[in-house]
Amino acid sequence: MSKLADAVEVTSTTSTLWRQKRSATEREWSDGRRVQFEESIGRPLEQHNDEVIRVVADLDDLLTTAMHDLNA
Amino acid sequence: MAGGVHASRVAVRELSDALADNDRRSAHALELSARGASRVVGQITTELRARELEVQRAREALESCERQEDADCSRQRQRLFDATVRRDTAKRILHRVEEGRAAFASTSRRLTTRREELVNAGRRMLTEQLRMIDDYSATSMTLSGSGGGTTVGVAASVGAGASAPRPAGLPEGVEMIPLSAIDTSRSTVASAADFSPMYTPEDLDWAFDALEQVVLPALSEGQSPDVFRDRDARAGLMGTRSYSMTYSQFLGQNDAIRLQAGPNGYTIANGQHRIWVAQQGARYAVPARIVP
């Protein structure tokens, strides 16, 4: 299970780093190109990261509960 | 304008790295989870086999008991009942986990496909952005050059004598030489390993940006090179990453890149590390003094 916790951690860190990097980019990039990148790539990838976090966490819950029930 | 171009180039590089990092980490997280699920399924399957064996033994014990006349087999019956409940529990859990794992695998495939689409589209956009910045840089040099609109489309086969348009602020005696006109075949610099730890490729890349963003714009406004020492002091810059050293190593009388004209282009008399870094950074031209 600890491996799955690692996966959740990896994904959360990924998402945080991505947000930070894009935030830094927002300060430096200008005009419609940044807006276009944000709408086409930035936000969709952030949503993707959030979904990865959710499915990894859901699987972690399922497996933790399963092992608990098995040993009950 | 130069600052905007500098910022965009840096932002593109950073975003490109972040995109690759996000791609690698997301894939790693999904892979870790899939492996974790496989491991748990393996553990439950092993446990299920043990419980099936337990049921089989309990059944054999009950049958053995029931073959005896007037035997009390209630204990064996209870043992078989308990073993069956434990086996069925394991079966249900395994079924539940396998369903969850299958759903996860399906979602994981969809997410991977989606991520690949986004990353590839992101890379295309960043490549296009870099191309636009390069186009802008070339146009900017043309507009600010003293040659009155000299084109910058120097072909790869260009020989010695070719120069790129002069950006404003470039001192007399220094020319912008397209990298395509420089013969690097005899350069001893082939990788980052050929740099001293005291003076890294990143330091030189910083200096190229500083030249474009700070040093040349200041000179074009008529400021003396002496102002760079003050600016360094105010910004806390020193050594390899300072404006004064950027000035001396790119434009100084003694330390600038020195090139010699030859039949097949310019050969490098001094500055092969700077030229290598410029090539790695996909820069168009370097400032150099042409020597006999």
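Order of the sequence lines fixes the chain letters, A, B, ..., with proteins taken first and strands second; residue numbering starts at 1 for each chain.
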Is chain A contacted by the side chain of Arg51(B), its backbone, both, or neither, given a heavy-atom distance below 4.5 Å? side chain
If you tally heavy-atom pairs under 4.5 Å between each of Val55(A), Thr65(A), Asp58(A) and chain B, the highest tally belongs to Val55(A)
Is it the side chain or the backbone of Arg123(B) that comes within 4.5 Å of chain A heavy atoms, both, or neither? neither
For residues Leu19(B) and Ile41(A), determine if any side-chain heavy atom of one lies less than 4.5 Å from a side-chain heavy atom of the other. yes
Between Asp69(A) and Arg92(B), does any NZ, NE, NH1 or NH2 come within less than 4.0 Å of an OD or OE carboxylate oxygen? no
Only residue of Arg110(B), Arg114(B), Arg115(B) satisfying side-chain contact (heavy atoms from CB on, under 4.5 Å) with Glu51(A) is Arg110(B)
Please test Leu70(A) against Ile44(B) for side-chain contact (heavy atoms from CB on, under 4.5 Å), starting from the C-alpha separation and ending with a verdict. CA-CA 8 Å; Leu70(A) 190 68; Ile44(B) 298 172; 4.0 Å; yes
For Arg57(B), I'd like to know if atom CZ has over 12 heavy atoms of other residues, nucleotides or ligands within 6.0 Å. no
Please report the interatomic distance CG(Leu59(A)) to CG(Leu32(B)), rounded to the nearest 0.5 Å. 11.5 Å
Heavy atoms only: give me the nearest Gly100(B)-Leu62(A) pair and the separation to one decimal. CA-CD2, 3.5 Å
How long is the gap from CZ on Arg43(A) to CG on Leu118(B), to the nearest 0.5 Å? 13.0 Å
For the student: nearest non-hydrogen atoms of Val56(A) and Ala29(B), plus distance: CG2-O, 4.4 Å
Distance check, rounded to the nearest 0.5 Å: Asn49(A) atom CG versus Ser26(B) atom OG? 4.5 Å
Counting only heavy atoms not in Arg49(B), do more than 12 fall under 6.0 Å of its CZ? no
Atom pair CG/CD of Leu111(B) and Gln47(A) - distance to nearest 0.5 Å: 12.0 Å
